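Each residue takes its place number in the sequence, starting with 1. Each ligand, and each atom within it, is numbered from 1 in the order the structure gives. Just so we're clear, the structure is a prediction, and the values are computed from it rather than from any experiment.
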Amino acid sequence: MDSVDCVVAGAGVIGLAVARELARQGMDTVIVEIADAIGTETSSRNSEVIHAGIYYPTGSLKAKLCVEGRAKLYAYAEQHNIGHKRCGKLIVATLPEQVATLEGIAAKAKACGVDDLVMLSGAQARAMEPSLSCVAAVLSPSTGIIDSHGLMLALLGEAEDGGGFLSLNTEIVSGRIEGGRFMLRTRDRISGNDYEIAARHFVNAAGLGANAIASKLDGLDPSCVPKLQLARGNYFSVTGKPAFSRLIYPVPEPGGLGVHLTLDLNGGMRFGPDVEWIETKDYCVDPRRADHFHGEIRKYWPGIADASLSPAYCGIRPKLSGPAEPAGDFVIQGAETHGIDNLVNLFGIESPGLTSSLAIAELVAQRLRRTYV
Ligand SMILES: Cc1cc2nc3c(=O)[nH]c(=O)nc-3n(C[C@H](O)[C@H](O)[C@H](O)COP(=O)(O)OP(=O)(O)OC[C@H]3O[C@@H](n4cnc5c(N)ncnc54)[C@H](O)[C@@H]3O)c2cc1C
């Protein structure tokens, strides 16, 4: 049986950022990943936006970690030559009655430390983006985009340089706590054989799988494991010359940010994600949703050609609240909640998890450090 300082479940952007942080602090860390490669789930099924931190409730972890994480991420991308662009974004009101919502968004963002937003008239916004139709807009100059795969590769490289080890095709099946150590049962997905790893610390960063792992951890009070709800976000792409140079967002809708336009680093345009509540994990995009997308996009881009949208991909938000409930916060759960030293569970790491990844990793390391021997 292998014995290590720390096991991190999940090689998405969060698990990799945590492993890098712990390796930097001299911890002997193994990242255990069920898939045959890093970042094949939510971390590669998102908009790759570096969010400014505009929409989140004041005092929430999302607000704090997004603002901190954004600054860290830009600096990290610069240092490690990871593709990124501070392209900026416009949140647009397409109806006069939405202007008050825009003003509310700007005021809330300011209270969360986002102090660079600029209110624009419709004419000012159109001068920046001639294809746009709107009556007013908010410009967020510090919003950007990043190559999420480049980021994850850099994080893995640093984790490995610090002595970390990645175990692919390995599922964490269950665990128990014995003599102050986590005895984790893992299954090799190729041979089907089970192995046990002993770890003094355990970080559960398994994204959509985190709630299931926690519920199979003998010794963890089941009431500490929130119910997982799944909200798929579908994307459609448009080929041809980019019509915009900034990201364009409508005012937010319940459960998501509305059908917005994001750009990839080559200027390619994709629209989404929308919000589709689902029961089981399924990454199929229904092409019939294009009609709804067309209707939403046309409100701010009247020039979109008919039948120009193609299904692209989708991601699934690990939600902790349902359709009719207010959006939940990140849950980064340490001994202060569940009473178990050296265990951190991460639940509900939806957007802005990519932006917040480096700040989340520091917080996880702090929570573990409180119980370092
Ligand atoms: C549609 C959508 C758009 C988004 N857009 C943005 C954005 O523009 N900007 C932003 O900041 N954030 C965005 N996010 C949020 C961001 O993508 C996530 O917060 C982030 O990727 C979560 O990373 P993770 O490592 O927690 O999860 P994941 O990337 O899902 O990684 C978890 C890993 O755990 C593994 N795993 C699961 N179960 C087990 C097990 N039993 N044993 C071993 N391994 C296991 C999985 O295979 C997976 O690789 C978006 C999310 C969605 C869904």
Side-chain angles (χ1 to χ4, degrees), residues 7-19 30-53 56 62 65-66 69-70 73 89 143-146 148-149 151-152 155 166-175 184-189 197 203-217 228 230-235 247 249 255-257 260 262-264 270 272-276 281 283 285 312-319 330-332 345-361 364:
V7 165
V8 175
V13 72
I14 303 297
L16 293 168
V18 168
V30 174
I31 312 159
V32 177
E33 168 56 53
I34 190 172
D36 60 1
I38 63 168
T40 59
E41 295 256 10
T42 313
S43 297
S44 58
R45 296 177 161 276
N46 57 53
S47 307
E48 300 188 297
V49 172
I50 302 179
H51 286 296
Y56 314 110
K62 283 183 179 173
L65 297 174
C66 186
R70 183 233 302 162
L73 196 52
K89 102 171 177 184
T143 299
I145 49 177
I146 186 162
S148 56
H149 286 278
L151 170 64
M152 288 189 278
L155 294 170
L166 171 66
S167 179
L168 295 173
N169 296 305
T170 311
E171 176 180 6
I172 296 193
V173 180
S174 62
L184 300 167
R185 177 150 296 280
T186 64
R187 183 161 302 149
D188 184 314
R189 300 279 290 180
I197 310 180
V203 178
N204 175 6
L208 295 164
N211 306 56
I213 290 180
S215 65
K216 290 183 211 137
L217 193 56
L228 175 68
L230 307 177
R232 183 162 52 200
N234 302 283
Y235 292 86
L247 314 185
Y249 285 56
L257 298 181
H260 50 269
T262 57
L263 303 168
D264 62 29
R270 63 190 164 204
D274 61 355
V275 180
E276 182 185 10
K281 196 170 92 177
Y283 287 126
V285 178
Y313 63 97
C314 66
I316 300 176
R317 304 170 182 90
K319 292 266 184 198
F330 294 153
V331 173
I332 301 176
N345 286 312
L346 294 115
F347 299 124
I349 311 298
E350 54 174 326
S351 192
L354 176 67
T355 309
S356 312
S357 51
L358 297 173
I360 290 176
V364 169

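Using the six-membered ring where Trp is involved, His260 and Tyr249 have ring planes that are parallel, under 30° apart on the 30 and 60° scheme.
Using a 4.0 Å heavy-atom cutoff, Ile50 is absent from the residues neighbouring ligand 1. At a 4.0 Å cut-off, not a single heavy atom of Gly39 sits close enough to ligand 1 to count as contact.
The shortest heavy-atom contact between Thr355 and His51 is OG1-N, 3.0 Å. Closest approach of Thr170 to Val32, counting heavy atoms only: O-CG1, 3.3 Å. Nearest heavy-atom pair across Gly144 and Leu247 is O-CD1, 4.3 Å. Counting all heavy atoms, side chain and backbone alike, Leu168 lies closest to Ile38 at CD2-N, 4.2 Å.
Of all the heavy atoms of Tyr313, none lies under 4.0 Å from any atom of ligand 1, so neither backbone nor side chain is involved. Residue contacts with ligand 1 for Glu350 involve N, CA, C or O but no side-chain atom from C-beta outward (heavy atoms, distance under 4.0 Å). With a 4.0 Å cut-off on non-hydrogen atoms, Ala205 touches ligand 1 through its backbone and not its side chain. No part of Leu346 comes within 4.0 Å of ligand 1, judged by heavy-atom distances.
Of the N or O atoms in Ile172, one or more lie within a sub-3.5 Å distance of an N or O in ligand 1. When only interatomic distances are considered, the shortest N/O to N/O separation between Leu208 and ligand 1 does not fall below 3.5 Å. Residue contacts with ligand 1: Tyr235 is placed with no nitrogen or oxygen under 3.5 Å of a nitrogen or oxygen of the ligand (distance criterion only).
Inter-residue side-chain proximity for Leu230 and Leu228 is flagged as met; some heavy-atom pair is nearer than 4.5 Å.
Residue nearest to atom 23 (O) of ligand 1, selected from Gly12, Ser148, Ser167, Ser43: Ser43 (by heavy-atom distance). Nearest to atom 50 (C) of ligand 1 by heavy atom, out of Ile349, Ile145, Asn46, Leu257, is Asn46.
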